[in-house]
**Q** 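There's a structure below that I have some questions on.
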Amino acid sequence: MAKMIDKAAKNDLTPEEDEVLDTIFTIPNLISTIRLCMVPCFIVLLLTGYDILATVLFAVAAGTDWIDGQIARRTHTVSKLGRLLDPAVDRILMISGVVCLLAVGRLPLWIVVLVLGRDLLLLIGGAYLLKKWRIRVAVIYPGKVATTFLFVGFAALLLNWPVLAGMGVVPFSWLPGFSSGPYSWGIWFVYAGLLVGAFTTIYYVAAGVFKLSAARREMRGMLSE
């Protein structure tokens with residue numbers, strides 16, 4: 001059965017799969033580890049009132065995501081650990097950011113639930129496809145754009161400056177920017193990230209379902225031979 005799954009999923013593996021290293025100690029992995037260590041530091045700084053320092057640390061941790069990826073690809077040091085560690089750090093950073101912003105009252109609950117729900121859906125779905133069917137849905141560029149928008153928005157909300165007056169077009173306080181209450185300009189980047197993220201989520205789910213259906217059809221064909 002395992003051999004059939006491997007054969008059915010063969011077309012889902014990219015040429016770069018053969019270049020993935022087993023090495024643990026690489027520069028990209030070191031950068032990812034440093035980024036991970038920044039998370040508790042920025043949490044402590046934010047919760048103790050050091051908004052500027054927390055913002056700088058969060059921005060550096062989010063920005064170096066691009067750096068370690070570029071180094072790994074350009075130096076051909078993409079590793080199995082890195083392929084797990086890098087997105088895991090992104091998710092931890094994202095989760096920490098939204099939970100802390102909720103704790104300090106700068107982000108409405110529905111945005112936190114939406115961001116965490118999307119991450120949980122993609123994490124569970126991706127893990128199922130990869131472990132049981134050896135199917136990997138590649139990250140698309142709009143997905144990176146959505147993450148960038150969210151990180152920029154969260155950094156601005158962490159800074160919490162300047163505080164602007166809302167447009168007052170809706171009476172709901174849980175829609176900062178559109179309501180009349182004070183808000184940080186970063187919320188517009190968060191809204192943009194949520195919008196782009198919704199489209200990419202639909203794509204990832206559709207691509208996963210399509211690849212899973214194709215793998216099942218090929219397996220049934222092998223079983224019938």
Side-chain angles (χ1 to χ4, degrees), residues 12 32 35-36 38-40 42-43 46-47 54-55 58-59 61-63 65-66 69 83-133 135-158 160 166 170-179 181 183-213:
D12 294 298
S32 293
R35 291 173 59 222
L36 182 60
M38 290 180 180
V39 174
F42 110 79
I43 292 174
L46 178 66
L47 297 181
T55 302
F58 183 87
D65 171 44
W66 181 83
R83 294 181 69 167
L84 295 174
L85 183 61
D86 183 54
V89 173
D90 280 346
R91 299 280 71 80
I92 292 172
L93 186 61
M94 182 79 72
I95 292 170
S96 301
V98 296
V99 171
C100 286
L101 287 170
L102 175 66
V104 295
R106 299 177 195 171
L107 201 63
L109 179 61
W110 70 270
I111 292 181
V112 177
V113 172
L114 202 59
V115 171
L116 297 186
R118 175 183 182 270
D119 278 0
L120 188 62
L121 170 66
L122 296 181
L123 177 64
I124 294 175
Y128 168 78
L129 291 177
L130 186 59
K131 184 175 181 179
K132 188 167 183 178
W133 294 92
I135 293 173
R136 186 189 303 276
V137 178
V139 176
I140 58 175
Y141 183 73
K144 296 181 180 294
V145 172
T147 300
T148 300
F149 277 149
L150 289 174
F151 276 145
V152 171
F154 294 157
L157 292 173
L158 289 171
N160 201 34
V170 296
F172 312 115
S173 60
W174 46 269
L175 281 175
F178 293 104
S179 62
Y183 75 99
S184 169
W185 58 271
I187 196 65
W188 300 117
F189 280 89
V190 174
Y191 288 151
L194 293 177
L195 184 61
V196 178
F199 286 107
T200 58
T201 301
I202 294 172
Y203 166 82
Y204 290 139
V205 171
V209 170
F210 176 80
K211 290 189 174 186
L212 178 59
S213 299

**Q** Compare every heavy atom of Ser32 with every heavy atom of Asp86, then report the nearest pair and how far apart it is.
**A**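 The answer is OD1-OG, 3.9 Å.
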**Q** Checking Leu150 against Val190 for the side-chain contact (heavy atoms from CB on, under 4.5 Å) test, could you report, in this order, the C-alpha distance in whole Å, the side-chain angles of both residues, the deciding distance, and whether it holds?
**A** CA-CA 5 Å; Leu150 289 174; Val190 174; 4.2 Å; yes
**Q** Which distance, rounded to the nearest 0.5 Å, do you find between the CG of Leu116 and the CG of Leu121?
**A**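 Reported value, rounded in 0.5 Å steps: 12.5 Å.
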**Q** Take a 6.0 Å sphere around OH of Tyr128 and say whether it holds more than 12 heavy atoms from other residues, nucleotides or ligands.
**A**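 Correct, the count exceeds 12.
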**Q** Return the minimal non-hydrogen interatomic distance between Ala156 and Gly186, and the atom names on each side.
**A**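 Between these two residues, the closest heavy atoms are CB-CA, 3.4 Å.
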**Q** Looking at every heavy atom in both Val39 and Leu93, which two are closest together, and how far apart are they?
**A**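 Closest pair (atom of Val39, atom of Leu93, distance): CG2-CD1, 4.0 Å.
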**Q** Going from CZ on Arg35 to CZ on Phe58, what distance comes out if it is rounded to the nearest 0.5 angstrom?
**A**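 Here the interatomic distance stands at 10.0 Å.
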**Q** Show the nearest heavy-atom pair for residues Tyr204 and Ile140, with the distance to one decimal.
**A**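 That closest heavy-atom pairing would be OH-N, 3.2 Å.
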**Q** Please list, chain by chain and in numerical order, all residues satisfying ring pair (Phe, Tyr, Trp, His ring centres under 6.0 Å) with Tyr141, sequence neighbours excluded.
**A**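 With sequence neighbours excluded, Tyr141 shows a ring pair (Phe, Tyr, Trp, His ring centres under 6.0 Å) to no residue whatsoever.
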**Q** Distance check, rounded to the nearest 0.5 Å: Leu157 atom CG versus Tyr183 atom OH?
**A**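 That separation rounds to 11.0 Å.
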**Q** Judged by atom type as modelled, is there a donor-acceptor pair below 3.5 Å linking the side chain of Trp110 to the main-chain atoms of Trp174?
**A**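 Flag set: sc Trp110 to bb Trp174 pair under 3.5 Å.
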**Q** Shortest non-hydrogen contact from Leu46 to Cys100?
**A**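 Minimum heavy-atom contact is CD2-CB, 3.5 Å.
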**Q** Between Thr148 and Trp66, is any pair of side-chain heavy atoms under 4.5 Å apart?
**A**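 The answer is no; the side chains never approach within 4.5 Å.
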**Q** So for atom CZ, which belongs to Phe189, do other residues, nucleotides or ligands contribute more than 12 heavy atoms lying within a distance under 6.0 Å?
**A**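 No, the 6.0 Å shell around CZ holds no more than 12 heavy atoms from other groups.
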**Q** Nearest 0.5 Å, please: how far is CG in Asp65 from CE in Met94?
**A**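 It comes to 9.5 Å.
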**Q** Hey, what do you get for CD1 (Ile95) to CG (Leu120), rounding to the nearest 0.5 Å?
**A**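 So the CD1 of Ile95 and the CG of Leu120 are separated by 8.5 Å.
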**Q** Evaluate side-chain contact (heavy atoms from CB on, under 4.5 Å) for Ile187 paired with Ile111, printing each intermediate quantity in order.
**A** CA-CA 10 Å; Ile187 196 65; Ile111 292 181; 4.0 Å; yes
**Q** Taking side chain as C-beta onward, heavy atoms only, is Leu107 less than 4.5 Å from Phe154?
**A**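 Of all side-chain heavy-atom pairs linking Phe154 with Leu107, at least one is under 4.5 Å.
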**Q** Test Phe42 against Thr55 for side-chain contact (heavy atoms from CB on, under 4.5 Å), laying out the working first.
**A** CA-CA 8 Å; Phe42 110 79; Thr55 302; over 6 Å; no
**Q** Taking side chain as C-beta onward, heavy atoms only, is Leu175 less than 4.5 Å from Tyr191?
**A**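 Yes; the side chains approach each other to less than 4.5 Å.
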**Q** Can Lys211 and Trp133 be said to form a side-chain contact (heavy atoms from CB on, under 4.5 Å), step by step?
**A** CA-CA 10 Å; Lys211 290 189 174 186; Trp133 294 92; over 6 Å; no
**Q** Could you check whether Trp188 and Phe178 have their ring centres less than 6.0 Å apart?
**A**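 Distance test on ring centres: under 6.0 Å, yes.
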**Q** Quick check: closest heavy atoms across Val112 and Val98, and the distance to 0.1 Å?
**A**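 Answer, listing the atom of Val112 first, then Val98: CG2-O, 3.7 Å.
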**Q** Under 3.5 Å, is there a donor-acceptor pair between the side chain of Arg118 and the main chain of Gly197?
**A**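 Confirmed, Arg118 side chain pairs with Gly197 backbone.
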**Q** Supply the atom-to-atom distance Ile124 CD1 to Leu129 CG, rounded to the nearest 0.5 angstrom.
**A**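 Rounded to the nearest 0.5 Å, the CD1-CG separation comes out at 12.0 Å.
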